[in-house]
> 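Mind having a look at this structure? Questions to follow.
Predicted model only: the values in this text are computed from it and were never measured.
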2 protein chains.
Amino acid sequence: MESPTLDELTLLHANVCQALGDPKRILILYALHEQPRHVSLLADDLDMPQPTVSRHLAILRQRALVTTQREGTAVIYHLADSRIINILNNMRQVLRDAIAHQTTLLS
Amino acid sequence: MESPTLDELTLLHANVCQALGDPKRILILYALHEQPRHVSLLADDLDMPQPTVSRHLAILRQRALVTTQREGTAVIYHLADSRIINILNNMRQVLRDAIAHQTTLLS
DNA sequence: TCCATGTATTCGTGTACGCGAATACATGGA
DNA sequence: TCCATGTATTCGCGTACACGAATACATGGA
């Protein structure tokens, strides 16, 4: 494992942010924080097709935002780092404050 | 200004994350945190074409991540909320830790 | 081995993004 | 008004993403 240059780190950084840039993935991360789950259960709970959930989980896994653990035929997904939820919550608060300052976000 | 539903908030949340999901925009935000600047100076400092910087700034402005202030013909861009930098730094730390745990992020 | 359960992948399609190049627009001074 | 400076937008193109549908793959039990 090499130590990445600043540009490489910025690129990885952007990749992680991009992974967060989809509403379904945000819902998935919050759901996994509440309780690790296997794919089908997650699909049921969030009312999404199983292949859709699987694809999004693959992206999150590739970006190291979630981890997996096999259990028979099922694969349990966990949030990789609970600080991710803190980050998401912080962003949400900044967003709420921005809305409160009557920007044109909702147009 | 209405208060958004959970889904609307999640969508706005994703929009903000998506705005962070580009390496050039991350560099722009860090640069603006260091010092508010007008577009051309930012373009010079970051070695990007002026239209490119302008387009990225428009996206960041639309997502309420930066604010503007006219000064003659120039437009000074400011970071809207310094907490954004905290968030980015936190993400970067999580990313560094993930790399240290030898995931396959660099493949 | 065959089947059931659960997960991942492929295919085709429509949409959205990012860019370089060129150009339009806005502001202020002569 | 005309020009210079600085900023925003349009156009065309190539790429990347997200989806539904269908299907392939993996695991464990009978």
Side-chain angles (χ1 to χ4, degrees), chain A residues 7 10-29 31-32 35-79 104 107, chain B residues 7 10-29 31-32 35-78 104-105 107:
Chain A
D7 281 350
T10 300
L11 188 57
L12 291 174
H13 195 164
N15 283 340
V16 170
C17 289
Q18 194 188 24
L20 301 178
D22 182 279
K24 293 187 180 178
R25 288 198 287 268
I26 290 177
L27 292 175
I28 288 173
L29 289 172
L32 291 181
Q35 173 74 41
R37 261 169 279 211
H38 65 270
V39 181
S40 299
L41 184 54
L42 203 49
D44 279 357
D45 290 349
L46 298 180
D47 198 31
M48 304 177 193
Q50 176 269 324
T52 295
V53 173
S54 184
R55 260 176 318 196
H56 284 302
L57 285 171
I59 292 171
L60 294 173
R61 178 160 38 92
Q62 191 196 350
R63 262 75 156 190
L65 295 171
V66 300
T67 57
T68 59
Q69 162 199 356
R70 254 210 183 275
E71 196 133 316
T73 63
V75 177
I76 314 290
Y77 278 80
H78 300 254
L79 193 64
T104 56
S107 62
Chain B
D7 282 349
T10 301
L11 188 56
L12 291 174
H13 196 164
N15 284 340
V16 170
C17 289
Q18 194 187 24
L20 302 177
D22 182 280
K24 293 187 180 179
R25 288 197 286 267
I26 290 177
L27 292 175
I28 288 173
L29 289 173
L32 291 181
Q35 173 74 41
R37 261 169 278 210
H38 65 271
V39 182
S40 299
L41 184 54
L42 203 49
D44 279 356
D45 290 349
L46 297 180
D47 198 32
M48 302 177 194
Q50 176 269 325
T52 295
V53 173
S54 183
R55 261 176 315 195
H56 283 302
L57 285 170
I59 292 171
L60 294 173
R61 178 158 40 92
Q62 191 196 351
R63 262 76 157 190
L65 295 172
V66 300
T67 58
T68 59
Q69 162 199 354
R70 254 209 183 276
E71 195 132 315
T73 63
V75 177
I76 314 290
Y77 277 81
H78 300 253
T104 55
L105 276 174
S107 60

> Rounded to whole Å, how long is the line connecting atom CD1 of I76(B) with atom P of dT5(D)?
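After rounding, the gap between these two atoms is 17 Å.
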> Under 4.0 Å, counting only non-hydrogen atoms across every strand here, what does P49(A) touch: a base, just sugar-phosphate, or nothing?
sugar-phosphate
> Using Watson-Crick or G-U wobble geometry with both distances below 3.5 Å, tell me the partner of dA26(D), or none.
dT5(C)
> Could you check if a side-chain atom of L65(A) sits within less than 4.5 angstrom of a side-chain atom of I59(A), using non-hydrogen atoms only?
no
> Can you tell me the base-pairing partner of dG14(C)? Count Watson-Crick or G-U wobble geometry only, both distances below 3.5 Å, and say none if there is no partner.
dC17(D)
> Tell me: CD1 of I26(B) to P of dG18(C), nearest whole Å?
12 Å
> To the nearest Å, how far apart are Q50(A) CD and dT9(C) C1'?
10 Å
> Within less than 4.0 Å of OP1 or OP2 of dT5(C), is there a side-chain N or O belonging to S40(A)?
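It does not, given that no N or O in the side chain of S40(A) lies less than 4.0 Å from OP1 or OP2 of dT5(C).
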> For dG6(C), take OP1 and OP2 only and decide whether either is under 4.0 Å from a side-chain N or O of Y77(A).
no
> Check every atom of dG6(C), dA8(D), dT5(D) against the side chain of T73(B) and return the nucleotide holding the closest atom.
dT5(D)
> I59(B) CD1 to dT9(D) P: how many Å, rounded?
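That distance rounds to 11 Å.
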> For E71(A) and dT7(C), what is the distance between atoms CD and C1' respectively, to the nearest whole Å?
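One finds 15 Å between C1' of dT7(C) and CD of E71(A), rounded.
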> Roughly how far apart are I26(A) CD1 and H56(A) NE2, rounded to 0.5 Å?
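With rounding to 0.5 Å, CD1 (I26(A)) is 11.0 Å from NE2 (H56(A)).
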> What I'd like to find out is whether the side chain of L46(A) reaches to under 4.5 Å of the side chain of V53(A), using heavy atoms alone.
no
> By nearest nucleotide on DNA chain C, pick out whichever of V39(A) and G72(B) is the more 5' one.
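Comparing both residues, the 5'-ward one is V39(A).
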> Could you tell me whether the side chain of R55(B) has a donor or acceptor atom within less than 3.5 Å of a complementary atom in the base of dG20(C)?
yes
> Whole Å only: how far is the CG atom of N15(A) from the C1' atom of dA16(D)?
12 Å
> Rounded to the Å, how far apart are R70(A) CZ and dG6(C) P?
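Interatomic distance, CZ of R70(A) to P of dG6(C): 12 Å.
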> In Watson-Crick or G-U wobble terms, both distances under 3.5 Å, what is the partner of dG20(C)?
dC11(D)
> Mind checking the NZ-CZ spacing from K24(B) to R55(B)? Nearest 0.5 Å is all I need.
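Answer rounded to 0.5 Å: 8.5 Å.
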> When you get a sec, tell me which of dT7(C), dA8(D), dT9(C) is the closest nucleotide to the side chain of P51(B)?
dA8(D)
> Nearest-Å distance, CG (L60(B)) to C1' (dA8(D))?
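Roughly 15 Å, once rounded to whole Å.
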> Among residues 17-25 of chain B, which residues get a heavy atom nearer than 4.0 Å to DNA chain D?
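Residues of residues 17-25 of chain B that come under 4.0 Å of DNA chain D do not exist, since none gets that close.
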> Are the side chains of L20(B) and V16(A) in contact, using a 4.5 Å heavy-atom criterion?
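V16(A) does not reach L20(B) side chain to side chain.
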> Is the shortest side-chain heavy-atom distance between L57(B) and L32(B) below 4.5 Å?
yes
> Please check the phosphate of dG20(C) (OP1 and OP2 only) for any side-chain N or O of T52(B) closer than 4.0 Å.
yes
> With heavy-atom distances below 4.5 Å as the criterion, would you say the side chains of H38(B) and V75(B) are in contact?
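The answer is no; the side chains never approach within 4.5 Å.
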> Please tell me if H56(A) has a side-chain N or O lying less than 4.0 Å from either OP1 or OP2 of dC19(D).
yes
> Compare side-chain N and O positions of H38(B) against OP1 and OP2 of dT5(D) and report whether any pair is under 4.0 Å apart.
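Checking H38(B) against dT5(D): no side-chain N or O falls below 4.0 Å of OP1 or OP2.
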> Restricting to non-hydrogen atoms, name the atom on L11(B) and the atom on P23(A) that form the minimum distance, rounded to 0.1 Å.
CD1-CG, 3.9 Å
